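Here's the structure, in structure tokens; my notes come after.
Below, read A as the first sequence line, B as the second, and so on, with proteins coming before strands; counting in each chain starts at 1. On a predicted model such as this, the values are computed, not experimentally measured, just so you know.
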Amino acid sequence: MSGDHSHSENQVDGGSRFNDSHKHKDKYKEKEHKHKDHKKDKEREKSKHGNSDYKDSSDKKHRDKEKEKMKHKDGSTDKYKDKHKEKRKEEKVNYHANNSWQNAQMKSLDGKVKKEKENGFASPPHVKSEPEDDFYHSPRHEKSLKRERDDDNDSEFKPKKIKTENDKKAKKRKPEEDVKSKKTKNKKGEVTDGKKKAKKEPEEKWKWWEEERYTDGSKWKFLEHKGPVFAPPYEPIPSNVKFFYDGKHMKLSPGAEEVATFFAKMLDHEYTTKDIFRKNFFKDWKKEMTAEERAKITDLKKCDFTEMSEYFKAQSEARKAMTKDEKLKIKAENERLLQEYGFCIMDNHRERIANFRIEPPGLFRGRGDHPKMGMLKRRIRPQDIIINCSKDSKHPEPPPGTKWKEVRHDNKVTWLVSWTENIQGSIKYIMLNPSSRIKGEKDWQKYETARRLKKCVDRIRTQYREDWKSKEMRIRQRAVALYFIDKLALRAGNEKEEGETADTVGCCSLRVEHIKLYPENEGLEYVVEFDFLGKDSIRYYNKVPVEKRVFKNLQLFMENKEPDDDLFDRLNTSVLNKHLQELMDGLTAKVFRTYNASITLQQQLKVLTSADENIPAKILSYNRANRAVAILCNHQRAPPKTFEKSMQNLQAKIDAKRDQLSDAKRELKSSKADAKVRRDEKSKKAVETKKKAVQRIEEQLMKLEVQATDREENKQIALGTSKLNYLDPRISVAWCKKWGIPVEKIYNKTQREKFAWAIDMADDDFEF
DNA sequence: CTATGCACTTAGGAAGAGTACT
DNA sequence: AGTACTCTTCCTAAGTGCATAG
């Protein structure tokens, strides 16, 4: 259907997008978005020329006029129909068909299966067997343990797999686990503690993906944790480190001094040169000053933080120069903290927490042109903290002499700790690590939704192409926006509060100023040029040829609008998502990104991998496929500071290797000649040795060259984001299995932990 | 319908740890 | 051992999308 949906052609070589584009935050600013009252814009537009929308227009005459206009703009609808007779692939797609996720859920209705599964889930011996008074004690109330086995007698129904697992566990622990627990024991020394920790080693490879999921919307039945780790208290700087105002030494009050150090620490950063940053900082700093200080310090320019700055630099140098022993000590302490606070018990399993440390105070660093950059991020105290855990768990204790804001027991959410942040007033959370069941299930589900989209994407594409001709403006806009989201993998583009954040957009929030239309450009017809700042103020620049109908529609949408008017004035993400929901259960705009990313990877891997290449070459192919996705999703990075140099180094290595190779070849030649003359065993052997040497060097050279290519192509493209968030890991795992490549070459340790489910379940024939 | 609150995913950069090279 | 560079982990901002209130 969708004639132009091979991202590989128009995206993969879209490298040009990057050439001139990286981080134009400042250059971009020059355009000076007036873009003042954005929310009002939409209103204005509606009344200005929005009457084509039947729903909200009471003025019929006007409506008809608008219809007329559209016909003219567009060429008559009928005529177009005749000309193109777009074949409509009827919906042979089977929406409900074998979706493993759904099947699994359906199975759960079956009592027997469920029982078995829950048994399999049965509490791991070591957690269970802990003494009652242990910190990580097991849950006590049966009623809260639905997911757990009901009864010991059931143990015979344990699925085999899991039983073996437990057996293994009992016999052998992972060595690293043991090391860890010993360390902790040594550190603390107390017998009880040691005992505790020894029992506490994490379960090995719990295969949550072989178990039932909750179907009632609850996220857990039991949750116990130790609460957050607070930022260390402020340590005043030594009195010999001075702050000067207007050239004169000034001793600051502790409160003012702390905030001053935040600024001093950033002195080398370009943030501190920006007006908004300085203005915001100064305003918030003043609030922390005493009355006298406030009276005296009236101009940030007269503040001299250099001694402070030097002091912190020296400190970090000193940290680097610490002896091994000292470093080890710190490491051990961190490990202890991690063991104590970095895990929780959720439904009988010890799971890693992602961010158990509370964000320390400091100056807000927004990205791009953020109106709030430089504001003071205040220190979070226990009374700001909401704790979430189960009723029957041992609740975390607030630090002595303090209280939590609240302790609640909401098992419909996944977070353990939350607080409200003072810059935007939004809520921050402490949640689990990506390797946890709760995150993994969700991730898996995300890819299953994307795979369901695969089954009906043709129908959806046919439909939106049809909708380009709709009589209703809002439907046309919706259809064009959806086309962009699908074809270009744009983000949905929620509207944002004006003045609260940097001015960035996504698809639905594109403004007229963000696109340019070229009826003809560089030999192509109907070219649209996109140029806007997206998430994190990363510039999206792309020139794409589109269907004539899309082009005409865009012209229509832009008619009589100012540059800072919304392109899709009758559309927003919730309208769009409502529509998508009707097309497929669970479909939202972001699913297209996941789908297109994953399908592109799969397709590119097929195209790029050649059977006869060696492993490094295959990995280059993988990286290239990955890169195609990163380009599609516009995942950019700042070129590493040392890029040029490291490239040169690599080139030097390659040259050296080349020399080495020609030397080796020469030697081989002479030894051959030698062997011809002498005709003895010894010289023959020498020839063999030389041959092998040449081969080895050739291989090394090849490896280096591949590395160089890979690095060069990767200069300003970030592969990590797509790998972590958009690419169904089963595609990669299947590819590894198919070509006999160790997964370690593709995924590092963290990634393997996150994708354990995929590594365990995907076979070499997995199809996304 | 719009606005707001909330929960959760996605994102790039900084800092730290590890490794290779001299 | 010290230094240079790279890879990993941490950090937290900035999105998406749903629910609910007005």
Flag for [Y]-[X]: side-chain donor and acceptor within less than 3.5 Å:
| X | Y | value |
| --- | --- | --- |
| A/Ser426 | A/Glu421 | yes |
| A/Asn623 | A/Asn714 | no |
| A/Asn494 | A/Thr573 | yes |
| A/Glu326 | A/Thr323 | yes |
| A/Asn626 | A/Ser722 | yes |
| A/Thr504 | A/Lys496 | yes |
| A/Gln660 | A/Lys657 | yes |
| A/Asp728 | A/Tyr595 | no |

- Message: Can you build the contact string for nucleotides 17-22 of chain C? Use B for base contact, S for sugar-phosphate-only contact, and - for no protein heavy atom under 4.0 Å.
- Response: BS----
- Query: A/Lys578 or A/Leu724: which one's nearest nucleotide on DNA chain B is closer to the 5' end?
  - Reply: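 Whichever sits nearer the 5' end wins; that is A/Lys578.
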- Comparing A/Asn725 and A/Arg319 on DNA chain B - which has the more 5′ nearest nucleotide: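 Its nearest nucleotide lies further toward 5', so the answer is A/Asn725.
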- Message: Which nucleotide wins on minimum distance to the side chain of A/Met431, given the candidates C/dA13, B/dC8, B/dT2?
- Response: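 Per side-chain heavy atoms of A/Met431, the pick is B/dC8.
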- Message: From C-beta outward on A/Val413, which listed nucleotide comes closest to its side chain: C/dT6, B/dA7, B/dG12?
- Response: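 Closest of the options to the side chain of A/Val413: B/dA7.
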d([atom1], [X]; [atom2], [N]) in whole Å:
| X | N | atom1 | atom2 | result |
| --- | --- | --- | --- | --- |
| A/Leu328 | B/dA17 | CG | C1' | 13 Å |
| A/Leu363 | B/dA14 | CG | P | 15 Å |
| A/Asn334 | B/dA17 | CG | P | 7 Å |
| A/Trp415 | B/dG5 | CH2 | P | 16 Å |
| A/Asn355 | B/dA7 | CG | C1' | 14 Å |
| A/Asn422 | C/dT12 | CG | P | 13 Å |
| A/Arg367 | C/dT12 | CZ | C1' | 7 Å |
| A/His370 | C/dT12 | NE2 | P | 16 Å |

Check this one for me: any side-chain N or O of [X] less than 4.0 Å away from OP1 or OP2 of [N]?
| X | N | value |
| --- | --- | --- |
| A/Thr414 | B/dC8 | yes |
| A/Arg711 | C/dT6 | yes |
| A/Ser537 | C/dA14 | no |
| A/Tyr726 | B/dA11 | yes |
| A/His635 | B/dT10 | no |
| A/Lys653 | B/dA20 | no |
| A/Lys219 | B/dC8 | yes |
| A/Thr721 | B/dG12 | yes |
| A/Arg408 | B/dC6 | no |
| A/Lys749 | C/dT8 | no |
| A/Lys535 | B/dG12 | no |
| A/Arg491 | B/dA11 | yes |

- Item | For A/Phe262, ring pair (Phe, Tyr, Trp, His ring centres under 6.0 Å) partners two or more places apart |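 Checked A/Phe262 against ring pair (Phe, Tyr, Trp, His ring centres under 6.0 Å); zero matches.
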- Message: Let me spell it out: for each of A/Lys428 and A/Lys645, pick the nucleotide of DNA chain C with the closest heavy atom. Which residue's pick is nearer the 5' end?
- Response: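 Nearest nucleotide further toward 5': that of A/Lys645.
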- Query: So which one's nearest nucleotide on DNA chain C is more toward 5', A/Glu359 or A/Val505?
  - Reply: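 Its nearest nucleotide being more 5', the pick is A/Glu359.
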- Single hit among A/Lys439, A/Gln445, A/Arg437 for side-chain contact (heavy atoms from CB on, under 4.5 Å) with A/Glu441: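 Of all the options given, the one that passes is A/Arg437.
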For a quick check of understanding: with a heavy-atom distance under 4.0 Å over all strands, which category does [X] fall into, base, sugar-phosphate or nothing?
| X | result |
| --- | --- |
| A/Gly720 | nothing |
| A/Arg752 | nothing |
| A/Lys372 | nothing |
| A/Phe364 | sugar-phosphate |
| A/Pro360 | sugar-phosphate |

